[in-house]
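Scroll down for the structure; my scribbles are underneath it.
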Amino acid sequence: MATLAYTAPPRRATAFNDMIERGLKLSPNGWSEARENILQHSRAMVNVHQLEGVNTIAPQRFALCAAYKLPMISENIYDRGIFRHGSMLTSDYANLPEAACQWILRNDARFLDEFGCNLYYLLCEQHTFRKSVEAAI
């Protein structure tokens, strides 16, 4: 499981440690070829908010997931915007470790693949950066 996030804040560390105790492997953070390898070989990316009550989209993480057709499993987000239920999996903080484990460790790879493909379609085809900029000007 990829995070590509600062994992030391206590809130994140608690959630990630709980996931590890439940059997998930946490990929290390990395740059260049290491990051490429992480993104190509992870089953999903997990997004835990750094601060309680600041439940927002993490744009770079979501964009990387989309580019790699990697499913996003995220703590609940206050305003989902264009990210509908088919484009990412979400859970509240208290249940996120258990939910992430159930989704990642289930015996049906197509389940997660569908979320990765939906996120790719949403951000890399339907709402590309170019289309979004051109619509704003």
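What you see is a predicted model; the values in this text were computed from it and never measured.
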All pairs passing ring pair (Phe, Tyr, Trp, His ring centres under 6.0 Å) where residues 1-34 contributes a residue, at least two apart: none
Tell me which donor-acceptor pairs under 3.5 Å the side chains of residues 122-129 have, and how far apart each pair is, sequence neighbours excluded?
unit_1	atom_1	unit_2	atom_2	d
Thr128	OG1	Lys131	N	3.0

His49/Asn55 under side chain to side chain contact (heavy atoms under 4.5 Å, CB included): CA gap, chis, key distance, verdict: CA-CA 6 Å; His49 304 303; Asn55 298 32; 3.6 Å; yes
side-chain contact (heavy atoms from CB on, under 4.5 Å) partners of [X], counting only residues at least two apart:
X      : answer
Asp108 : Arg106, Arg110, Phe111
Asp113 : Ala109
Ser27  : Ile38, Ser42

Which residues share a side-chain hydrogen bond (donor to acceptor under 3.5 Å, both in side chains) with Tyr68, sequence neighbours left out: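 Listed in chain order: Glu36.
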Residues which pass side-chain hydrogen bond (donor to acceptor under 3.5 Å, both in side chains) with His41, listed by chain and number, not counting sequence neighbours: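 So His41 forms a side-chain hydrogen bond (donor to acceptor under 3.5 Å, both in side chains) with Asn37.
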Pairs touching residues 39-52 that satisfy salt bridge (Lys or Arg N to Asp or Glu O under 4.0 Å), sequence neighbours left out: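 Those involving residues 39-52 do not exist here.
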Please tabulate, for side-chain N and O atoms in residues 56-63, each donor-acceptor pair with protein atoms closer than 3.5 Å (sequence neighbours left out).
unit_1	atom_1	unit_2	atom_2	d
Arg61	NE	Thr3	O	3.4
Arg61	NE	Leu4	O	3.2
Arg61	NH1	Asn47	OD1	2.6

Nearest-0.5 Å distance, SG of residue Cys65 to CE of residue Met72: 3.5 Å
Separation between CZ of Arg35 and CG of Leu64, rounded to the nearest 0.5 Å: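 One gets 6.0 Å once the value is rounded to the nearest 0.5 Å.
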Neighbour count >12 (heavy atoms, 6.0 Å) for atom CD, Gln40: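 Yes, enclosed.
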Closest heavy-atom pair and its distance - Met19, Cys101: O-SG, 3.9 Å
Stepwise side chain to side chain contact (heavy atoms under 4.5 Å, CB included) test for Val46 and Leu24: CA-CA 11 Å; Val46 178; Leu24 291 180; 5.7 Å; no
Members sharing Tyr121's hydrophobic cluster (side chains within less than 4.5 Å): none
Leu119 reachable from Ile77 in the ILVMFWY side-chain graph, under 4.5 Å edges: yes
Hydrophobic cluster membership, Leu112 vs Phe83, 4.5 Å side-chain cutoff: no
Where at least one partner belongs to residues 11-25, residue pairs that pass side-chain hydrogen bond (donor to acceptor under 3.5 Å, both in side chains), sequence neighbours excluded: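 Matches after skipping sequence neighbours: Arg11-Glu75, Asp18-Arg22, Arg22-Glu98.
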Pairs meeting criterion side-chain hydrogen bond (donor to acceptor under 3.5 Å, both in side chains) with involvement of residues 78-88, two or more places apart: Arg80-Thr90
